[in-house]
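What follows is a set of notes on a single structure, which appears directly below.
Chain identifiers are assigned alphabetically (A, B, ...) following the order of the sequence lines, protein sequences preceding nucleic acid strands; residue numbering begins at 1 within each chain. Treat the numbers as computed from the prediction; the structure is a model and nothing was measured.
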Protein chains: 2
Amino acid sequence: MKRNTWQRQAVRDALDGAAGFVSAQDLHASLRESGSPIGLATVYRALADLAGEGDADSLQSIEGESLYRACASGGHHHHLICRSCGTTVEIEADDVEQWAAATAARHGFTAPQHVIDVFGLCPACSRKAS
Amino acid sequence: MKRNTWQRQAVRDALDGAAGFVSAQDLHASLRESGSPIGLATVYRALADLAGEGDADSLQSIEGESLYRACASGGHHHHLICRSCGTTVEIEADDVEQWAAATAARHGFTAPQHVIDVFGLCPACSRKAS
DNA sequence: ATCGGTTTTGACAATCATTATCAATAACGG
DNA sequence: CCGTTATTGATAATGATTGTCAAAACCGAT
């Protein structure tokens, strides 16, 4: 049975409060700063659970770190992520979805998975950088 | 100045000989098995250089490992990769390319980069798995 | 409210890929 | 062939993530 602990809730809340994608390390650090004595391993486990249940999205940053984000829409979708501040926009991508599936099928590949994410600088950060 | 060492050439050759994407670790291991005394750090450096010069493609596997592949066509392109054996097909993706750029622009994002790769089981591995 | 079995936690060690260090070596122009 | 200087490679360092396991917390039943 799946138990309801304040730790899992804390991770859930922290994710909801975050503007965009965050790493497990960062999330743990900010929870600690807020006074929570939660352990690092627990944060990793909670995030993995959330991702497994579809309550959070996970992706790999360009540097290879695993990032997580609270996921409002239950369905499958992709993201437009600011490289600088982490702000995220959820993207509708049915076309691309179908393109990926069709491409895999055309070459006889089965069990297709895909990684489709767009990184960039959001308007605010673009202004700052220029 | 950029020097021409047998080590760099060995990495280049090993990449050319590989069927699909390989990790730096694997490449180093197979070079060692072939009798080459090349060092691990050197393999990493050579791969980073090749990727920087556009002579190799690099991407992150679903597990987060960095993978490299000799890159024939100089242009920008994407891949369909077998999760099991690493066999790779280069994909034409102009449509998706433009979709990514347009999506970024529509939301005011600048300096767009994207990660678009499809993983699956190639025909041969599909057969084996069933 | 208490009990008991079971899950979860958390400090710490272990793992794994990758990068930094730095003295020894080798490449290239002269 | 020589000297300068980039490159190598053994090893240590880093940093994220996962495994371990005893102690603590959760929850349904009493």
Between dA13(C) (P) and L40(A) (CG): distance, integer Å = 14 Å
First and last nucleotide of DNA chain D in contact with chain B, 5' to 3', at under 4.0 Å to a heavy atom: what are they?
-> dT5(D) to dA10(D)
Between dT8(C) (P) and L50(A) (CG): distance, integer Å | 13 Å
Consider only side-chain N and O atoms of D94(B) and Q98(B), and report whether a donor and an acceptor are under 3.5 Å apart.
-> no
Option among H79(B), R69(B), H78(B) that satisfies the side chain to side chain donor-acceptor pair (under 3.5 Å) test with D57(B) = H79(B)
More than 12 heavy atoms of other groups within 6.0 Å of Q9(B) CD = yes
With A18(B) via side chain to side chain contact (heavy atoms under 4.5 Å, CB included) - residues at least two apart | V22(B)
Distance check: side-chain N/O of R45(A) vs OP1/OP2 of dT8(C), anything under 4.0 Å?
-> no
Least distance between heavy atoms, L31(A) atom then A10(A) atom | CD2-O, 4.0 Å
Any donor-acceptor N/O pair, S126(B) side chain to C122(B) backbone, under 3.5 Å | yes
Between R83(B) and E63(B), is the closest basic N to carboxylate O distance under 4.0 Å?
-> no
Correct closest heavy-atom pair for R32(B) and P37(B) would be NE-C, 3.7 Å
S66(B) and Q60(B) have their tightest heavy-atom pair at OG-OE1, 3.4 Å
In degrees, rounded to 10°, what is the bend between the two ends of the helix from dA1(C)-dT30(D) to dG30(C)-dC1(D), using five pairs at each?
-> 30°
Contact residues, residues 12-31 of chain A to DNA chain D [heavy atom, < 4.0 Å] = Q25(A)
Considering only nitrogen or oxygen atoms on both sides, find all protein atoms under 3.5 Å from nucleotides 27-29 of chain C and state each distance.
| unit_1 | atom_1 | unit_2 | atom_2 | d |
| --- | --- | --- | --- | --- |
| dA27(C) | N3 | R3(B) | NH1 | 3.3 |
| dC28(C) | OP1 | N4(B) | N | 3.4 |

Indicate yes or no: at least one non-hydrogen side-chain atom of R45(A) is less than 4.5 angstrom from one of R8(A).
-> no
Could you check how far OH of Y44(A) sits from C1' of dA11(C), rounded to whole Å?
-> 15 Å
Does a side-chain heavy-atom distance below 4.5 Å link I116(A) with V115(B)?
-> no
Counterpart residues, ring-ring contact (aromatic ring centres under 6.0 Å, His included), relative to F109(A) (two or more places apart) = none
Looking only at atom types and distance, does a side-chain atom of T110(B) sit under 3.5 Å from a main-chain N or O of G108(B), one as donor and one as acceptor?
-> no
For L47(A) and dT9(C), give me the distance from atom CG to atom P, rounded to whole Å.
-> 12 Å
